[in-house]
Amino acid sequence: MAAKITIVGAGNVGATAAHWAVAKELGDVVLIDIVDGLPQGKALDLAESSPIERFDCGLVGTNDYADTANSQVVVVTAGIARRPGMSRDDLLNTNAKIVADVVQNVVKHSPEAYMIVVSNPLDAMVYVAKQASGWPKHRVMGMAGVLDAARFRYFIAQELGVSVEDVHGFVLGGHGDTMVPAPRYATVTGIPITQLLSAEQITRLVQRTRDGGAEIVNYLKQGSAYYAPGASIVQMVEAIVKDKKRILPAAAYLEGEYGIRGVYVGVPVLLGAGGVEKVIEVELTAEEHAALQRSAAAVQELINALPPV
Ligand SMILES: NC(=O)c1ccc[n+]([C@@H]2O[C@H](COP(=O)([O-])OP(=O)(O)OC[C@H]3O[C@@H](n4cnc5c(N)ncnc54)[C@H](O)[C@@H]3O)[C@@H](O)[C@H]2O)c1
């Protein structure tokens, strides 16, 4: 039986994730939003491309959670996005209320699902989702690391003039200014980039990665990135519905790993049919470790500032 994938929020990110998901025939997709007509229109439009692109997936657009019942994976993109001059943290109050409301509906209709939260500020919103759902940590995770790592990998490939296919790497920490790219673990077909790029080049690429979201926001002027975020979500969905046991960076709930407890931060995880099946602990230098602790502290500060939901 096809997997049932619900995407909450039929805006830029949600609709683009739906597009990548059906193009890969990952399952039947339900797109849900509070705006009447928006998910219906986008789902129908996307479905009408199926004879051309040849995918056999169910596509439903709806405002009614009953249509999302018993989803295997639920992606939460509902909320407002950044505009120029806004940080992700500026979205805290509005999106916390939206995410808590959405999660209550998700819990009611898909009690066994795996939930991937995307709304910003990401690490705080996954925390809200975990609290609001009461679900175990392996079933509630956040998407940010796949996107941040993809940006880093793209910039490395561009700098070296090599195929993106051969560039691997990940980022650690929160999805924000305290993100911790890990150049020591970035490789081109196994060759550490520290052997291929100068320290100055690496610093520049790391900074561009950290500012990757803002770079797009500044170009678009309204709204934020959605093609790469949509693809990043779908890579995580694919890992779960196909039980691929991928090792991907994701926002995971830590209980002592990396010396961090009780918050969500980006770390490499093993992602399969059991959701976050394992948090992978890699060796860090004292400097990397300190940067990760700072990042976790910044996430904790946001959690402390959350409105009662
Ligand atoms: N984690 C990441 O890496 C990442 C990347 C890109 C965007 N984002 C975040 O994802 C979110 C969505 O971005 P976007 O560009 O798609 O925004 P968007 O404004 O295009 O879409 C958001 C959609 O959410 C809907 N919505 C609002 N409240 C809702 C509710 N209660 N129930 C259901 N739907 C609701 C809106 O009607 C809208 O259609 C933003 O918070 C953005 O910051 C995160």
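For clarity, every value in this text was computed on a predicted model and none was experimentally measured. Count residues from 1 along the sequence. Computation of the quantities below employed the complete heavy-atom set of this structure, encompassing side-chain atoms and omitting hydrogens, waters and symmetry-equivalent molecules.
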> If we only count heavy atoms from C-beta on, is the V299 to Y127 side-chain gap below 4.5 Å?
Replying inline: no
>> Tell me every residue that passes side-chain hydrogen bond (donor to acceptor under 3.5 Å, both in side chains) with Q158, counting only those two or more places apart in sequence or in another chain.
In response: Y154
>> Is the shortest side-chain heavy-atom distance between L122 and M143 below 4.5 Å?
In response: no
> Which heavy atom of V167 sits nearest a heavy atom of A157, and at what distance?
Replying inline: CG2-CB, 4.0 Å
> Which heavy atom in M141 sits nearest to a heavy atom in G275, and how many Å separate them?
Replying inline: CE-CA, 4.2 Å
> With a cut-off of under 6.0 Å to the ring centre and 45° to the axis, is K130 in cation-pi contact with Y264?
Replying inline: no
>> Using side-chain heavy atoms (C-beta onward) and a distance below 4.5 Å, is N95 in contact with I80?
In response: yes
> Do you know which two heavy atoms are closest between D28 and A2, and how far apart they sit?
Replying inline: OD2-CB, 3.8 Å
> Between CD1 of I202 and CD of E159, what distance do you get to the nearest 0.5 Å?
Replying inline: 9.5 Å
> If you measure from CG on L44 to CG on L31, what distance do you get to the nearest 0.5 Å?
Replying inline: 12.0 Å
> If you look only at pairs with a residue in residues 264-280, which of them pass as a salt bridge (Lys or Arg N to Asp or Glu O under 4.0 Å), with sequence neighbours excluded?
Replying inline: K245-E277
> If you round to the nearest 0.5 Å, how far is OG of S224 from CZ of R88?
Replying inline: 8.0 Å
>> Can you confirm whether L172 sits close enough to E288 that some side-chain heavy atom of one is under 4.5 Å from a side-chain heavy atom of the other?
In response: no
> Does a donor on one side chain sit under 3.5 Å from an acceptor on the other, for T6 and T68?
Replying inline: no
> Under the side-chain hydrogen bond (donor to acceptor under 3.5 Å, both in side chains) test, which residues partner E281, sequence neighbours left out?
Replying inline: none
> Do H175 and D123 touch side chain to side chain, with heavy atoms closer than 4.5 Å?
Replying inline: yes
> Do you know the tightest heavy-atom contact between Q293 and G259?
Replying inline: OE1-O, 3.9 Å
>> Show the nearest heavy-atom pair for residues A81 and L91, with the distance to one decimal.
In response: O-CD2, 3.9 Å
